[in-house]
Amino acid sequence: MTIAGGCQCGAVRYSLQGGPYPVYACHCRECQKQSASAFALSMPVPVQAFAIEGTLDEYCRPASGGRSTDGFFCPACGTRLFHRSSASGAFVTVKAGTLDDASNIQVRAHLWVSRKQPWVTLDPEVPAFDTQPEDMSAWRERLMEDAP
Ligand SMILES: [Zn+2]
Ligand SMILES: [Zn+2]
């Protein structure tokens with residue numbers, strides 16, 4: 001199975017082998033700014049399953065412990081396509097709104113609901129964290145193991 005996506009103008013395209021991959025939503029202020037929306041949709045994918053075509057530009061945001069979160073975007077239209085942490089090269093976090101078809105993504109968790117916009121209503125069946133899991137890396141790994 002191949003899942004495909006790309007930026008708004010079409011200059012950058014990507015494909016994913018396998019999946020469907022689980023997605024989580026983050027409602028923190030950084031994600032609201034980054035996505036220019038109310039929350040970000042993050043889909044962690046093993047780097048070996050991810051193929052990208054086209055020229056990218058990069059924005060590095062300092063994170064805790066001297067790390068950085070690197071955001072990759074299309075220089076022509078500005079669409080943010082995926083993130084990569086300097087702490088781990090094993091996965092990339094695809095911004096799931098850039099999928100060609102995001103209609104059947106599975107949102108498995110909501111993070112930072114303490115920062116959620118009051119007009120966003122969540123499904124009570126989906127786990128929600130006030131902030132984020134204490135060990136984010138381990139939590140993300142478990143989430144990714146759920147992918148077929
Ligand atoms: Zn573009
Ligand atoms: Zn966030």
Side-chain angles (χ1 to χ4, degrees), residues 2-16 20-47 50-103 105-147:
T2 302
I3 304 168
C7 67
Q8 190 175 16
C9 77
V12 182
R13 298 286 303 161
Y14 66 82
S15 63
L16 307 173
Y21 291 97
V23 171
Y24 60 91
C26 183
H27 300 260
C28 82
R29 295 284 187 237
E30 290 290 342
C31 285
Q32 291 179 10
K33 285 286 187 189
Q34 168 268 307
S35 65
S37 184
F39 53 85
L41 287 173
S42 294
M43 186 167 67
V45 172
V47 71
F50 181 69
I52 190 139
E53 250 175 76
T55 306
L56 293 163
D57 216 332
E58 188 177 347
Y59 166 66
C60 297
R61 190 173 73 83
S64 58
R67 300 172 190 166
S68 66
T69 299
D70 305 335
F72 294 86
F73 59 94
C74 170
C77 71
T79 305
R80 193 77 72 90
L81 291 147
F82 66 99
H83 285 186
R84 195 171 60 199
S85 169
S86 66
S88 172
F91 69 94
V92 296
T93 306
V94 173
K95 302 283 111 186
T98 63
L99 292 167
D100 288 344
D101 181 6
S103 62
I105 60 169
Q106 299 165 336
V107 177
R108 298 286 183 81
H110 290 276
L111 309 190
W112 285 98
V113 294
S114 55
R115 299 284 189 274
K116 181 180 77 59
Q117 293 298 335
W119 39 265
V120 172
T121 309
L122 304 183
D123 180 347
E125 302 289 306
V126 178
F129 295 81
D130 253 3
T131 56
Q132 63 184 37
E134 209 168 302
D135 187 343
M136 188 68 197
S137 310
W139 180 83
R140 190 190 291 107
E141 254 169 55
R142 274 200 304 279
L143 190 77
M144 287 171 74
E145 279 165 14
D146 268 5

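One-based numbering, in listed order, for ligands and for the atoms of each.
Going from atom CE of Met136 over to atom OG of Ser85 covers 10.5 Å, rounded to the nearest 0.5 Å.
Around the CD atom of Glu58, the shell of radius 6.0 Å holds more than 12 heavy atoms that belong to other residues, nucleotides or ligands.
Angle SG (Cys77) to the Zn ion (ligand 1) to SG (Cys9): 110°, rounded to 10°. Put simply, the angle at the Zn ion (ligand 2) from SG in Cys31 to SG in Cys28 is close to 110°, to the nearest 10°. Rounding to 10°, one obtains 110° for the angle at the Zn ion (ligand 1) between SG (Cys7) and SG (Cys74).
Because the distance cut-off is set at 2.8 Å, His27 fails to qualify as a neighbour of the Zn ion (ligand 2), as none of its N, O or S atoms comes that close.
Using a 30° and 60° split on the angle between ring planes, Trp139 and Tyr24 fall in the perpendicular class, above 60°. In this pair, Phe50 and Tyr14 present their aromatic rings tilted. The plane angle is within the 30 to 60° band.
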